[in-house]
Amino acid sequence: MLLAFAAVFGALNLSKAKALRSTAAQAVNASKSVEQARIQKETELKARESAIAAQKATLAERDGKTVASDEQLAQILNEKKQLETKLRDKETEITTLQKQIEENQPVTSNPGAASTVELQAQLDDARQQLDSAEREKNLLAEKMQAARERSSQLEDEKKRRAVVRSKVGVRGTILVVNQAYNFVVLNLGGRNGVEAHSEMLIVRDGTFIGKIRISSVEPATAIGDIITSTLARGVQVQPGDIVIYAGSNS
């Protein structure tokens, strides 16, 4: 009987030991899963922080360019104002010279009587001054036109940068990927502010994997070429990947 009891207790202990080992193994596996999940979350967090830092750096660079453009615009407007003043003065001088030539009067008053030769010389000198003033006027007009065009370009660039800044962060999804021709179709289009030649970041599970450049835009969809140089080795773009507007490539 003692041997029977010992055998029963031994079997019970063996069963309990197996249960304990199984529980311990499950606990180890659960711990490994938790650790892997923690590492993955940390990786995703670092990737998101990197993406945010990159966008902040891009915005800071664009702000710097905007400030420089504003300063350049102010300088050009000041030069334009000075040119306008010179142009008005030159037009007044030309009007005076034309009047003197029409009246056959010398440019500078002479209290003494002047001979015909002297009057002709003064008239020729006035005409030369008029020609010189006309040439200078034309040169000033050309400079004014160049200043207007440059001012207009800077204003347009400033507006474009403001529009791009407002679009940064717009998100969409890749609907179709054509690996053969290396392009994707997006669920974003002109209604969302997408423009041709702009670039978008590709993100998967919070991790940056590459870029695309928009080649064609429709109201509700857009087509983008995959920039293969931005993809890591072995990584392929897939339907469902997230795209984030990054602005123009210029």
Side-chain angles (χ1 to χ4, degrees), residues 29-69 152-250:
N29 291 334
S31 176
K32 289 181 179 178
S33 298
V34 171
E35 182 64 18
Q36 290 176 353
R38 184 185 66 80
I39 293 174
Q40 183 178 0
K41 290 295 183 183
E42 288 181 353
T43 303
E44 291 178 358
L45 181 60
K46 289 180 180 179
R48 289 175 183 174
E49 288 176 349
S50 298
I52 291 172
Q55 285 200 1
K56 286 183 178 179
T58 301
L59 289 175
E61 182 182 358
R62 285 175 179 159
D63 288 341
K65 289 182 179 179
T66 300
V67 171
S69 297
S152 177
Q153 291 175 357
L154 287 174
E155 287 287 357
D156 293 342
E157 179 68 13
K158 184 177 179 181
K159 292 177 182 178
R160 187 187 67 81
R161 291 185 186 279
V163 171
V164 169
R165 182 181 175 86
S166 68
K167 294 177 185 175
V168 171
V170 172
R171 290 172 173 261
T173 304
I174 294 176
L175 300 176
V176 178
V177 179
N178 188 309
Q179 299 292 353
Y181 293 97
N182 209 39
F183 70 85
V184 298
V185 180
L186 310 179
N187 67 342
L188 295 173
R191 295 172 184 168
N192 307 102
V194 177
E195 296 179 348
H197 310 300
S198 61
E199 292 184 355
M200 302 194 81
L201 309 177
I202 309 172
V203 179
R204 183 185 302 156
D205 297 328
T207 302
F208 169 79
I209 64 172
K211 292 182 180 181
I212 61 172
R213 182 173 293 114
I214 303 300
S215 59
S216 176
V217 180
E218 298 294 335
T221 59
I223 295 176
D225 296 324
I226 300 172
I227 305 177
T228 55
S229 61
T230 63
L231 298 177
R233 184 183 299 273
V235 175
Q236 289 187 341
V237 181
Q238 300 175 0
D241 288 343
I242 302 301
V243 292
I244 304 174
Y245 190 87
S248 172
N249 61 352
S250 59

Minimum side-chain heavy-atom gap T173-I242 below 4.5 Å: yes
Pair V243-L201, side-chain contact (heavy atoms from CB on, under 4.5 Å): steps then yes or no: CA-CA 5 Å; V243 292; L201 309 177; over 6 Å; no
Distance, nearest 0.5 Å, that separates CZ of R213 from NE2 of H197: 10.0 Å
G193 versus Y245, closest heavy-atom pair with distance: O-CE1, 4.5 Å
Approximate separation, where rounding is to 0.5 Å, of N182 CG and I226 CD1: 4.5 Å
Close side-chain approach of I214 and I223, heavy atoms under 4.5 Å: no
Where at least one partner belongs to residues 225-244, residue pairs that pass side-chain hydrogen bond (donor to acceptor under 3.5 Å, both in side chains), sequence neighbours excluded: R204-D241
Nearest heavy atoms of A222 and V194, plus distance in Å: CB-CG1, 4.3 Å
M200 side chain reached by L188 side chain, heavy atoms, under 4.5 Å: yes
Check ion pair R38-E35 (N to O, under 4.0 angstrom): yes
Partner set under side chain to side chain donor-acceptor pair (under 3.5 Å) for Q36, not counting sequence neighbours: none
Short N-O contact, E42 and K46, less than 4.0 angstrom: no
Where N192 and V170 come nearest, the two heavy atoms and their spacing: O-CG1, 4.3 Å
Inter-residue atom distance E199.CD - I227.CD1, 0.5 Å rounding: 4.5 Å
Among I212, L175, N178, V176, the one residue meeting side-chain contact (heavy atoms from CB on, under 4.5 Å) with V184: I212
